[in-house]
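Reviewing the structure listed below.
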Amino acid sequence: MKAVFKLLPAALALAACLPAHAWNTETHRRIVLDAVQFMKTHPDQTRYAQLLAGVTKAGYTMDQFAQAIGQGAHDVDYFEDTYICGATSGNCQGAPVWGLASGLARYTSFWHFQNHTAGADVHGNAFGGYNYGKLNDPGDIDTLAATWLLNDYLDDGAGGSGGWFGDGSKYNTYGVTEARYRQGGYSSVKMYQDYQNFPWQPIDNLGQYYWSRFLQAPSAQALGFALHTTDLLQPHHTFNTLAHNHSGWEGWVWDYYDSEALGDAALVQAALADFTPLASGAADIRPLLTQGGTYSYKYGAAVLSSTDHAVRKAVARKTIPHAIAMVVRILDRAAERLAQ
């Protein structure tokens, strides 16, 4: 009766530690706001004038637009689009029962990784998403989550997979969310039958899905959703782990964002050089996003093993400016679309 009865100590440990937000949700918002501000103060290096024209044409002030896309980047962490179902009970939930009150442990967060420790995945992505089965160094929270969800399956809709005692489908995560994030790759229901082997789709596919929606019908919300991909500059999300100081690091970044000047404009300006500008008319932003993931994987490892303030500051003053710079590059291309 694994799906019904769980070990309380493990549940409490997970409730306290399981991260769902990569960057803190307010950090996501702030990164976007700082990117818009950088463009405003560096119009000669960005397409700010074109962005302003498009935003004005759409009926926004720039401040309203910045707040709207910042809110979109924030809101992705609160999607109710991912349900995992008990192998025994068949009951499907969007979060562990012990984490619902906190709002910190939504299963949708598993789509927010780009695994640079393992490379290509079974879907055909150059870098896969979170995958417990491919962890090089599973931490305590990774192992606890896998124990809690052992052999549980991804909700694939009414009439699909079921537990021993029924089919409690609530959403059809496989047929809706996973399909959206597949982005031309290959998937099968069988891939999502046992949690410990789930090959979650990477976050760049999430970003590409919402970017495509923005290109088709420009909206601040769709663009904001695409900008949640700044998770790629959070090292834990490219090292494929829920553990190793994950949540503590995220909290530290928000706590010291201003006092340690993590969004310093001079650092953002330097970081722009590490991102190839999107070509005029570019429809696929994933190459740019992968540059962000590659950077955090190369320079962010220290925060997985150290909680020292100086170590965290050194990494944050690399990764936060690069997150802002990545948003600037995306907004430069978005400005072109808004102006059409």
Side-chain angles (χ1 to χ4, degrees), residues 18-25 27-29 31-32 35 69 72-79 81-82 105-132 134-135 142 154 173 176-185 187 192 198-214 222-242 246 249-250 253 275 278 284-298 300 319-320 322-327 329-330:
L18 181 65
H21 296 150
W23 296 128
N24 177 291
T25 51
T27 302
H28 275 294
R29 190 200 310 271
I31 286 169
V32 171
I69 60 176
H74 165 288
D75 288 348
V76 176
D77 278 324
Y78 296 98
F79 282 179
D81 64 350
T82 302
R106 299 170 188 269
Y107 293 140
T108 190
S109 65
F110 285 114
W111 305 112
H112 300 177
F113 292 75
Q114 186 186 76
N115 185 1
H116 283 249
T117 69
D121 68 2
V122 294
H123 304 295
N125 298 302
F127 295 100
Y130 183 83
N131 188 331
Y132 177 78
K134 290 185 176 294
L135 271 167
D142 299 297
L154 193 68
T173 300
V176 180
T177 309
E178 205 279 346
R180 288 173 173 171
Y181 301 162
R182 206 171 297 159
Q183 292 297 300
S187 292
Y192 295 95
F198 282 10
W200 297 90
Q201 294 284 356
I203 190 172
D204 47 314
N205 283 3
L206 178 158
Q208 181 59 32
Y209 170 73
Y210 288 107
W211 175 253
S212 296
R213 281 182 46 174
F214 168 76
L223 179 57
F225 290 166
L227 296 178
H228 192 81
T229 50
T230 54
D231 272 354
L232 285 162
L233 274 302
Q234 209 291 50
H236 294 80
H237 281 241
T238 50
F239 277 88
N240 187 45
T241 181
L242 301 171
H246 192 142
W249 155 249
E250 294 162 4
V253 168
F275 292 98
L278 291 164
D284 194 337
I285 60 171
R286 285 175 292 181
L288 175 72
L289 301 179
T290 298
Q291 288 179 338
T294 300
Y295 185 89
S296 72
Y297 185 67
K298 183 176 181 179
T319 55
I320 289 293
H322 277 76
I324 296 169
M326 190 174 79
V327 172
R329 291 299 191 206
I330 295 172

All salt bridge (charged side-chain N to carboxylate O under 4.0 Å, His left out) counterparts of Arg213, not counting sequence neighbours: none
Minimal non-hydrogen separation, [X] against [Y], with atom names:
X	Y	value
Gly207	Ala226	O-CB, 3.7 Å
Gly292	Met326	CA-SD, 4.2 Å
Phe79	Thr108	O-CG2, 3.5 Å

Indicate, with yes or no, if the rings of His228 and His112 have centres closer together than 6.0 Å. yes
Arg106 side, atom CZ; Asp81 side, atom CG - distance, nearest 0.5 Å: 10.0 Å
With sequence neighbours left out, what residues match Phe214 under side chain to side chain contact (heavy atoms under 4.5 Å, CB included)? Trp211, Pro218, Ala222, Leu223, Ala334, Arg337, Leu338
Restricting to side chain to side chain donor-acceptor pair (under 3.5 Å), what partner residues turn up for [X], sequence neighbours left out?
X	answer
Trp111	Thr82
Thr230	His28
Thr177	none
Thr117	Asn115

Is there a side-chain hydrogen bond (donor to acceptor under 3.5 Å, both in side chains) between Asn131 and Asp121 once you walk through the steps? CA-CA 9 Å; Asn131 188 331; Asp121 68 2; over 6 Å; no
